[in-house]
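Heads up: the structure comes next, in structure tokens.
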Amino acid sequence: MKMNIGLDNQELYAGCEIKEVGGRLSLITPPAEAANIVGRNAAKIIEAAEDRSQITLTGAMAVWVYLVVFHIVVHKFAQVWY
């Protein structure tokens with residue numbers, strides 16, 4: 001399984017405010033609030049995964065998003081790749 005953690009993943013950031021600023025997507029929701037939203041959304045996405053042998057986290061985003069998602073997937077998959 002691959003999970004894009006970039007801001008273009010609407011399912012992962014559902015409930016967060018994202019705007020285009022200077023031609024790039026930018027997260028407007030404060031990180032403290034967005035971390036909870038992203039964590040809940042990631043958990044829902046992972047629960048729907050049928051193959052739990054490995055997951056690759058891709059996409060450009062802040063390190064805190066990788067940490068939030070990693071915390072969700074680390075015990076659900078046999079292998080986690082970045």
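Distance CG/Leu67 to CD1/Ile72: 11.5 Å, rounded to 0.5 Å. Atom CD1 of Ile28 is separated from atom CD1 of Ile18 by 9.0 Å, given to the nearest 0.5 angstrom. Atom CG of Asn9 sits about 9.5 Å away from atom CG of Leu7, to the nearest 0.5 Å. Atoms CG and CD1, from Asn41 and Ile46 in turn, are 11.5 Å apart once rounded to the nearest 0.5 Å. Residue Gln10 holds its CD atom at 12.0 Å from SG of Cys16, rounded to the nearest 0.5 Å.
Here the closest non-hydrogen pair linking Val74 and Val80 is CA-CG2, 4.2 Å. Between Asn4 and Gly59, the shortest heavy-atom contact is OD1-CA, 3.5 Å. Contact between Val69 and Ala42 at its shortest, heavy atoms only, is CG2-CB, 4.3 Å.
Between the side chain of Thr56 and the backbone N or O of Trp81 there is no donor-acceptor pair closer than 3.5 Å. Tyr13 contributes a side-chain N or O that, together with a main-chain N or O of Ile5, makes up a donor-acceptor pair within less than 3.5 Å. Not a single donor-acceptor pair under 3.5 Å links the side chain of Arg40 to the backbone N or O of Ala35.
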Apply the test side-chain contact (heavy atoms from CB on, under 4.5 Å) to residues Thr58 and Met3: give CA-CA distance (whole Å), side-chain angles for both, the deciding distance (0.1 Å), then the verdict.
-> CA-CA 6 Å; Thr58 66; Met3 179 184 282; over 6 Å; no

Begin from the C-alpha positions of Glu11 and Lys44 and carry the test salt bridge (Lys or Arg N to Asp or Glu O under 4.0 Å) through to its verdict.
-> CA-CA 9 Å; Glu11 188 177 11; Lys44 288 178 190 174; over 6 Å; no

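Two different hydrophobic clusters hold Val68 and Val63 under the rule that ILVMFWY side chains link at heavy-atom gaps under 4.5 Å.
Taking the side chain as every heavy atom from C-beta outward, Met61 and Leu27 approach each other to under 4.5 Å. A 4.5 Å side-chain heavy-atom check between Phe77 and Arg52 finds at least one atom pair inside the cut-off. Looking at Asp51 and Met1, their side chains never come closer than 4.5 Å, going by heavy atoms from C-beta outward.
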